[in-house]
S.K.: 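Pasting in a structure now, in structure tokens, and then I'll have a few things to ask.
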Amino acid sequence: MKNSKPFILISNDDGYQAKGIRSLVDMLSPIADILVCAPDSARSGFSCAFSANNPLRLELKSKTDNVQVWSCNGTPVDCVKIALSELCNGRTPDLVLGGINHGDNASVNSHYSGTMGVAMEGCMKYIPSMALSLCDHREDADFSPMVPVIKRLVAIILDKGLPRGVCLNVNAPAVPEYKGIKVCRMAYGRWKNEIVRCHHQRGFDYFWMVGAYETDEYDAEDTDHWAVEHGYVAITPTSMDVSSYEMIEQMKDWNL
């Protein structure tokens, strides 16, 4: 890859063949050198997991002048780690992107998300990083409304960077036109009825992870969940530092 353009590393948790990641490459390849290293199949819900006990394999799927696409049999975080180690040829990415995810990663979903795992791994390497999600699980989801938003955000980050230890979690509603963009905090919410018990004809029980999300802040207009539910793109700055500074202050009175 030539060094005249910005260098962007892209991964996801839906697999290298997903429409979301292919759409992202199409959006950005005219302005950047692109390295894709993504799972060989879906890895939703893997968060920041990495492979400690299984050997990893890479396979080159396609290559043009400024776009390389590799698949890996590991997790989204594995993909970022192995790309930085083995595929970047000493060139540090100017930006790490996760997505575009097929589905919502707002609120507590961000803690489970492999798409966010990509952004967090880049963030932990002190590379400006961003996770991108569309609230549409369909394989043929329409990502075209996100194009101007993503291009604008990428241009700003490439120009201004991000603070060390901070990445962005971007969630867009599945609507033809957005009402606007809101910078939000993460909403409080919970997954309920997550386990379905089934009985196999051979005499044993087995279980499916399913569930339904329920927000605990229906009317909080400063949250990511409210924003996407009301037609806005939600951007949630997310910190690598998970310390509760308020609790640190409270614990000073514990006389430990």
Side-chain angles (χ1 to χ4, degrees), residues 7-29 32-64 66-88 93 95-106 109-123 127 129-147 150 154 167-172 174 208-211:
F7 181 30
I8 300 178
L9 171 60
I10 301 176
S11 191
N12 70 354
D13 68 1
D14 292 314
Y16 76 93
Q17 76 289 347
K19 183 180 179 182
I21 198 169
R22 290 187 284 109
S23 299
L24 186 57
V25 172
D26 290 342
M27 292 177 203
L28 300 179
S29 57
D33 291 332
I34 305 292
L35 173 61
V36 173
C37 186
D40 56 12
S41 60
R43 301 286 194 281
S44 294
F46 272 65
S47 186
C48 291
F50 65 93
S51 299
N53 299 311
N54 298 319
L56 298 177
R57 299 184 303 278
L58 284 169
E59 183 176 347
L60 179 62
K61 294 297 183 180
S62 63
K63 182 178 180 180
T64 63
N66 72 315
V67 178
Q68 290 186 20
V69 177
W70 294 77
S71 70
C72 175
N73 63 317
T75 70
V77 165
D78 289 334
C79 291
V80 177
K81 289 181 180 292
I82 201 169
L84 293 173
S85 173
E86 304 299 320
L87 301 177
C88 289
L95 180 61
V96 172
L97 296 177
I100 303 168
N101 189 66
H102 292 247
D104 176 4
N105 279 317
N109 294 336
S110 64
H111 293 296
Y112 302 111
S113 166
T115 307
M116 273 301 292
V118 170
M120 288 300 294
E121 183 63 25
C123 187
I127 302 171
S129 301
M130 178 167 56
L132 301 161
S133 302
L134 175 67
C135 301
D136 189 338
H137 289 276
R138 296 177 300 170
E139 290 185 5
D140 64 344
D142 181 11
F143 296 95
S144 59
M146 295 186 74
V147 172
I150 291 173
V154 166
C167 61
L168 300 183
N169 181 18
V170 179
N171 288 276
W208 287 106
M209 295 289 291
V210 288

S.K.: Go through L35 and W70 one step at a time and tell me if the side-chain contact (heavy atoms from CB on, under 4.5 Å) criterion holds.
M.R.: CA-CA 8 Å; L35 173 61; W70 294 77; 3.7 Å; yes

S.K.: Side chains of L132 and L168: does their closest heavy-atom pair fall under 4.5 Å?
M.R.: no

S.K.: S110 and M116: which non-hydrogen atoms are nearest, and at how many Å?
M.R.: O-CB, 3.5 Å

S.K.: How many angstroms lie between OG in S44 and CG in N105, if you round to the nearest 0.5 Å?
M.R.: 8.5 Å

S.K.: If you define the side chain from C-beta out and look only at heavy atoms, does anything of S29 sit under 4.5 Å from N66?
M.R.: yes

S.K.: Mind checking the OG-CZ spacing from S62 to R22? Nearest 0.5 Å is all I need.
M.R.: 11.0 Å

S.K.: How long is the span from the CG atom in N12 to the SG atom in C37, to the nearest 0.5 Å?
M.R.: 10.0 Å

S.K.: In a table with atom names and distances, give each donor-acceptor pair under 3.5 Å that connects a side chain of residues 72-82 to protein atoms at least two apart or in another chain.
M.R.:
| unit_1 | atom_1 | unit_2 | atom_2 | d |
| --- | --- | --- | --- | --- |
| N73 | OD1 | R57 | N | 2.5 |
| N73 | ND2 | P55 | O | 3.2 |
| T75 | OG1 | A49 | O | 2.7 |
| T75 | OG1 | V77 | N | 3.4 |
| T75 | OG1 | D78 | N | 3.0 |
| T75 | OG1 | D78 | OD2 | 3.2 |
| D78 | OD1 | S51 | N | 2.9 |
| D78 | OD2 | S51 | N | 3.3 |
| D78 | OD2 | S51 | OG | 2.5 |
| D78 | OD2 | T75 | N | 2.9 |
| K81 | NZ | E121 | OE2 | 3.0 |

S.K.: Heavy-atom distance under 4.5 Å between the side chains of V118 and D13, does that happen here?
M.R.: no

S.K.: What distance separates D33 CG from L9 CG, expressed to the nearest 0.5 Å?
M.R.: 12.5 Å

S.K.: With the side chain counted from C-beta on, respond yes when F46 and P39 share a heavy-atom pair under 4.5 Å apart, and no when they do not.
M.R.: no

S.K.: List the steps, then state whether side-chain contact (heavy atoms from CB on, under 4.5 Å) holds for M120 with S129.
M.R.: CA-CA 7 Å; M120 288 300 294; S129 301; over 6 Å; no

S.K.: To the nearest 0.5 Å, tell me how far S23 OG sits from L134 CG.
M.R.: 9.5 Å

S.K.: Assess whether side-chain contact (heavy atoms from CB on, under 4.5 Å) is satisfied between E139 and K19, documenting all intermediate values.
M.R.: CA-CA 7 Å; E139 290 185 5; K19 183 180 179 182; over 6 Å; no

S.K.: How close do I8 and A32 get, counting heavy atoms only, and between which atoms?
M.R.: CD1-CB, 3.7 Å

S.K.: I want to check something: taking the side chain as every heavy atom from C-beta on, are L84 and I127 in contact at a cut-off of under 4.5 Å?
M.R.: yes

S.K.: Identify the two heavy atoms, one from A131 and one from A119, that lie closest to each other, and give their separation to 0.1 Å.
M.R.: N-CB, 3.8 Å

S.K.: What are the two closest non-hydrogen atoms of P145 and D142, and how far apart are they?
M.R.: CD-O, 3.7 Å

S.K.: For residues N101 and T115, is any side-chain donor paired with an opposing acceptor at under 3.5 Å?
M.R.: yes

S.K.: Can you name the nearest heavy-atom pair linking E86 to L58, along with the distance?
M.R.: CB-CD1, 4.5 Å

S.K.: Show your reasoning for whether side-chain contact (heavy atoms from CB on, under 4.5 Å) applies to L95 and I10.
M.R.: CA-CA 8 Å; L95 180 61; I10 301 176; over 6 Å; no

S.K.: What's the spacing between Q68 CD and K63 NZ if we round to 0.5 Å?
M.R.: 5.0 Å

S.K.: Kindly give the heavy-atom pair with the smallest separation between G20 and H102, and that separation in Å.
M.R.: N-NE2, 3.0 Å

